[in-house]
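Report on the following structure.
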Amino acid sequence: MTSATQTPNDDRANNLFGLVVLDMAGTTVADGGLVEQSFSAAAQRLGVRPGSDEHARQLAYVRATMGESKISVFRHLFAGEGGEDKAQRANAAFEEAYGELVEAGRIAPVLGAREAVEQLTAQGRTVVLTTGFARTTQDAILAALGWQDLAPLTLCPADAGGRGRPYPDMVLAALLRTGAVDDVRRTVVAGDTSYDMLSGVRSGAGIVAGVLTGAHDKDRLTRHGATHVLGSVAELPGLLARAEA
């Protein structure tokens, strides 16, 4: 589901934090390292041999920029002559490889993630699921998990003008499309990467929560602006309830 416009109801009006913007892979979805596997498949298609120094350099960059729009990552890696064409081919190969792994049943929800989203919704909050993947891959993940109707809005970078994290665009698009809150400071952003934290900080969100189920550790999340660091997204409903008590 890619669009939603809502008028805050009585429950939302009683919540200080009425909009919750959640990352997918590593935060609500456990993908078991599929991003790195898919990157290796894409790089190999463009002539980068697994185990080579070039592959190691590129993989290090992929790990450092987890959470960023994937086409942006490939544009950096293949900058130079023919760069945009290479980046587009690499991104297409990446999305294809990731989609095949999803179809093979290689992803699962983070433990307690669905229940957390349902609890946040029951608390009167609007939940939006976001990703750095393309829309086709995001839809494949949602379908594989049976999450098509879990949240009223899902966003990928293309839905927010093309810029993914660390830009704040998807968070701000979530606010504008849902109309769930009247102040960006009543927004909560949660994710597992430093870029998730940066996008939340840059958007002006009141709570920027890091989770330890994905790419980056507590120190890195904190250094990039996390106001809270949780063991997993399952702890988020309790955090918000305490913050509003």
Side-chain angles (χ1 to χ4, degrees), residues 1-29 67 109-110 112-133 135 138-139 141-143 145-161 163-165 167-192 196-211 226-228 230 232-245:
M1 192 173 299
T2 61
S3 64
T5 301
Q6 300 173 355
T7 300
N9 60 25
D10 291 341
D11 288 335
R12 291 191 188 92
N14 292 330
N15 288 326
L16 175 60
F17 298 105
L19 176 62
V20 182
V21 182
L22 301 177
D23 170 53
M24 291 180 63
T27 301
T28 55
V29 179
V110 166
R114 184 186 183 100
E115 293 79 4
V117 173
E118 292 172 340
Q119 187 175 352
L120 290 165
T121 302
Q123 291 173 341
R125 311 182 202 280
T126 297
V127 178
V128 177
L129 298 175
T130 64
T131 185
F133 295 130
R135 166 56 55 188
Q138 184 179 36
D139 285 347
I141 294 170
L142 294 168
L145 298 177
W147 282 11
Q148 297 96 321
D149 298 318
L150 182 61
L153 179 65
T154 64
L155 294 172
C156 67
D159 298 322
R163 297 196 309 181
R165 309 178 190 101
Y167 296 101
D169 302 21
M170 285 195 289
V171 179
L172 298 176
L175 186 154
L176 292 171
R177 295 229 193 154
T178 64
V181 294
D182 56 7
D183 187 329
V184 72
R185 292 172 295 182
R186 296 178 59 203
T187 300
V188 177
V189 173
D192 65 296
D196 291 315
M197 303 301 96
L198 286 173
S199 70
V201 170
R202 292 171 178 178
S203 74
I207 288 180
V208 181
V211 298
T227 59
H228 303 75
L230 308 175
S232 81
V233 72
E235 300 174 21
L236 188 60
L239 169 66
L240 300 188
R242 291 191 299 273
E244 293 170 342

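Because the structure is a prediction, the values reported are computed rather than measured. This chain uses plain numbering: 1 for the first residue, then up along the sequence.
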Revision key, fill the gap. Heavy-atom closest pair (A243 atom, I207 atom, distance to 0.1 Å) is CB-CD1, 4.4 Å

Review point. Looking at residues at least two apart in the chain, or sitting in another chain, which of them share a salt bridge (charged side-chain N to carboxylate O under 4.0 Å, His left out) with D23?
Key: R165

Exercise for review: Show your reasoning for whether side chain to side chain contact (heavy atoms under 4.5 Å, CB included) applies to E118 and L150.
Suggested key: CA-CA 8 Å; E118 292 172 340; L150 182 61; 4.0 Å; yes

Exercise for review: Please list, chain by chain and in numerical order, all residues satisfying salt bridge (charged side-chain N to carboxylate O under 4.0 Å, His left out) with E115, sequence neighbours excluded.
Suggested key: none

Practice item. Not counting sequence neighbours, which residues clear side chain to side chain contact (heavy atoms under 4.5 Å, CB included) with A113? List them please. Key: T28, V110, W147, V233

Revision key, fill the gap. Residues at least two apart in sequence or cross-chain that pass side chain to side chain contact (heavy atoms under 4.5 Å, CB included) with P237, listed by chain then number, are A116, Q119, L120, Q123

**Study point:** Shortest non-hydrogen contact from A180 toward G18
**Key:** CB-O, 4.1 Å

Review point. Which pair of non-hydrogen atoms, one from L239 and one from H228, has the smallest distance, and what is that distance?
Key: CD1-CD2, 3.5 Å

Point to revise | Residues in side chain to side chain contact (heavy atoms under 4.5 Å, CB included) contact with R163, at least two apart in sequence or another chain | key: Y167, D169

Practice item. May I ask you to decide if D192's main-chain N or O and T27's side chain share a donor-acceptor pair within less than 3.5 Å? Key: yes

Check your understanding: In Å and rounded to the nearest 0.5 Å, what is the OG1 to CG distance from T154 to L22?
Key -> 12.0 Å

Point to revise | P152 side chain reached by T126 side chain, heavy atoms, under 4.5 Å | key: yes

Check your understanding: How long is the span from the CG atom in L129 to the SG atom in C156, to the nearest 0.5 Å?
Key -> 12.5 Å

Point to revise | Sub-4.5 Å side-chain heavy-atom contact between I141 and T131 | key: no

Practice item. Give the minimum heavy-atom separation between M197 and A226, together with the two atoms involved. Key: SD-CB, 3.5 Å

Check your understanding: Closest heavy-atom contact between R114 and G146?
Key -> NH1-O, 3.5 Å

Review point. Does T227 use its side chain to pair, donor to acceptor, with the backbone of V208 at less than 3.5 Å?
Key: yes

Practice item. Check whether any side-chain N or O of R186 sits under 3.5 Å from a backbone N or O of L16 as a donor-acceptor pair, and report yes or no. Key: yes

Practice item. Check D159 against R135 and note the closest heavy-atom contact, atom names and distance. Key: OD2-NH2, 2.6 Å

Practice item. Go through the steps to decide whether M24 and L142 satisfy the test side chain to side chain contact (heavy atoms under 4.5 Å, CB included), and finish with yes or no. Key: CA-CA 10 Å; M24 291 180 63; L142 294 168; 3.8 Å; yes

Check your understanding: With sequence neighbours left out, what residues match E235 under side chain to side chain contact (heavy atoms under 4.5 Å, CB included)?
Key -> L230

